[in-house]
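The block underneath contains the structure these notes are about, expressed in structure tokens.
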Number of protein chains: 2
Amino acid sequence: MPAPLLPKREVVDRVMAVFRERGFEGATLARIAEATGLGKASLYHYFPGGKEDMGNVVLDVTESWMQEHVLGPLGEDGPPRQRIGRMLKSLDALYDGGNAACLLGTLTVGDSRTLFRKRLQWIFDAWIDALAGALRDAGSDRRAARERAEDTVARIEGALILAQARSDTGPFRRLLRQLGDDLVP
Amino acid sequence: MPAPLLPKREVVDRVMAVFRERGFEGATLARIAEATGLGKASLYHYFPGGKEDMGNVVLDVTESWMQEHVLGPLGEDGPPRQRIGRMLKSLDALYDGGNAACLLGTLTVGDSRTLFRKRLQWIFDAWIDALAGALRDAGSDRRAARERAEDTVARIEGALILAQARSDTGPFRRLLRQLGDDLVP
DNA sequence: GTCTATAATAGGATAGAC
DNA sequence: GTCTATCCTATTATAGAC
């Protein structure tokens, strides 16, 4: 049996990149094969269930990433401002300063929305819950914290859409810069 | 020659609905045929250039809608608060209180993003410019007006993404309700 | 203006060799 | 673990009858 061309983690990362850039339906096996350097058939070694399998693995990775860089930091004990600051810094890296599309956003379009409905909902809910928790710790009442958390996630997602549509990362970068001060003055 | 089953305007509306719900790549001719009640071949009577043609016609309609319900009102002479209020009311109707996805947002995913790049950019730019103009008329300085306009459009787009992903129109409805007061206190 | 029929290609997936 | 070859279906698009 030939040695693997790439470690599985690297294969998954490249599949994820294709999903982010082209959406679920636009991520054809031909393009994924090209991006990974594997033949179409070889992809079924890593993802026996085909494209749906790929989507789920990519969402596994996304959930771990969220856990480590967002849910974890937000749920810690330190000062809320610092916890939120860590989240913002990680998001800046994940989205490459606004140049990269949001995987979750692209998956909410088309068939993938119904296919991964529960998981998308869970991830967004967990994000909002964790952020609302930090805002409560910073002094907001329950309701205000939740509303500001929802609005914050929406602003981030929307800024990423705008960055894609207008080829302008300015609003996203400004948003991340301002959110630290705005959320916990 | 047989009478048309539907007026062209109605055909275009239904095509647009499919694009909004499924995205450009998910909007297959089979689904569009079903939604319009026309055979696949008949679609080429209305859209000789195929799917790309459909996309452009749908964007034509979107531009007219924006002109009438957003750019027009925002550019008028009345009180900025009223002009912005009219925009918000129209957006609420267009997006069905948050239940309907944003066509522009779905088109920024996948091939359609590059296919309609210039037009998407133009529409978002025009929206932001018009809103910034109204905010300047309400007393914001040039820079603040532009930044708040960008942020507002991002919040709207993001709230629509969230509504799709979480099956919760709450944040979108709350946003539209609050924007009137927040933008022009 | 709409249809049936059909072409040509692309897409997802599988079999089996190595 | 990767490949070539292949299958089946879906997809876009066209031709031509009515």
Side-chain angles (χ1 to χ4, degrees), chain A residues 1-59 61 106-107 109-116, chain B residues 1-59 61 106-107 109-116:
Chain A
M1 158 182 346
L5 292 180
L6 292 173
K8 168 147 187 182
R9 207 198 50 265
E10 178 64 23
V11 171
V12 173
D13 282 352
R14 296 193 186 190
V15 171
M16 180 154 37
V18 178
F19 278 18
R20 256 193 343 213
E21 285 161 24
R22 326 283 316 208
F24 186 73
E25 339 242 355
T28 64
L29 290 190
R31 290 205 250 242
I32 294 171
E34 194 193 354
T36 55
L38 294 172
K40 280 202 267 182
S42 304
L43 292 168
Y44 286 85
H45 170 74
Y46 294 97
F47 311 101
K51 277 188 75 177
E52 179 168 357
D53 213 345
M54 295 182 202
N56 276 308
V57 171
V58 155
L59 282 172
V61 171
T106 68
L107 290 182
V109 172
D111 284 334
S112 49
R113 169 163 162 258
T114 39
L115 205 48
F116 304 116
Chain B
M1 88 168 75
L5 292 180
L6 292 172
K8 167 147 189 183
R9 207 198 49 263
E10 178 64 21
V11 171
V12 172
D13 282 351
R14 296 192 185 190
V15 171
M16 180 155 38
V18 178
F19 278 17
R20 257 193 342 214
E21 285 159 26
R22 329 283 318 208
F24 187 72
E25 340 242 353
T28 65
L29 290 190
R31 290 204 250 243
I32 294 170
E34 194 194 353
T36 54
L38 293 172
K40 284 198 264 181
S42 305
L43 292 168
Y44 286 85
H45 170 71
Y46 293 98
F47 310 101
K51 279 188 73 176
E52 179 169 356
D53 213 345
M54 294 182 201
N56 276 309
V57 171
V58 155
L59 282 171
V61 170
T106 68
L107 290 182
V109 172
D111 284 333
S112 49
R113 171 166 161 256
T114 36
L115 206 47
F116 304 116

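Below, all heavy atoms of this structure are taken into account, side chains as well, without hydrogens, waters or symmetry copies. Residue numbers begin at 1 in each chain, while the letters A, B, ... track the order of the sequences.
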Quiz item: Is A/Lys51 touching bases, backbone alone, or none of the nucleic acid, heavy atoms closer than 4.0 Å?
Solution: sugar-phosphate
Quiz item: Taking CD1 from A/Ile32 and P from C/dA10, how many angstroms apart are they, rounded to a whole number?
Solution: 17 Å
Exercise. Starting at atom CZ of B/Phe24, determine the distance to atom C1' of D/dT12, rounded to an integer number of angstrom.
Key: 11 Å
Quiz item: CG of B/Leu29 versus P of D/dT11: gap in Å, rounded?
Solution: 9 Å
Quiz item: Just by distance, do the side chain of B/Ser112 and the backbone of B/Leu107 share a donor-acceptor pair under 3.5 Å?
Solution: yes
Self-check item: Nearest-Å distance for atom pair CG/C1', residues A/Leu38 and D/dT2
Solution: 8 Å
Practice problem: Please state how far atom NZ in B/Lys8 lies from atom P in C/dT2, giving the value in whole angstrom units. | Solution: 12 Å
Quiz prompt | Candidates D/dT11, D/dT2, C/dG11 - which lies nearest the side chain of B/Thr28 | solution = D/dT11
Exercise. Report which part of the nucleic acid B/Tyr46 touches: base, sugar-phosphate, or nothing (heavy-atom distance under 4.0 Å, all strands).
Key: sugar-phosphate
Exercise. Please tell me which of the listed nucleotides, C/dG11, C/dG1, D/dT14, lies nearest to the side chain of B/Ala41?
Key: D/dT14
Exercise. Please work out if B/Ser42 contacts a base, only the sugar-phosphate, or nothing of the nucleic acid, heavy-atom cut-off 4.0 Å.
Key: base
Exercise. Provide, to the nearest angstrom, the distance between the CG atom belonging to A/Leu43 and the P atom belonging to D/dT4.
Key: 13 Å
Quiz item: Hey, is the main chain of A/Thr28 close enough, under 3.5 Å, to the side chain of A/Arg22 for a donor-acceptor pair?
Solution: no
Quiz item: Is there a side-chain contact between B/Phe24 and A/Val109 (heavy atoms, below 4.5 Å)?
Solution: no
Self-check item: Min side-chain heavy-atom separation B/Val57-B/Met54 under 4.5 Å
Solution: no
Self-check item: Aromatic B/Tyr46 / basic B/Lys8 pairing, under 6.0 angstrom, 45° off normal
Solution: no
Exercise. For A/Lys40 and D/dC8, give me the distance from atom NZ to atom C1', rounded to whole Å.
Key: 12 Å
Quiz item: Could you state the CG-P distance from A/Asp53 to C/dT14, rounded to the nearest angstrom?
Solution: 11 Å
Quiz item: Which nucleotide sits closest to the side chain of B/Tyr44: C/dG1, D/dT14, C/dG12?
Solution: D/dT14
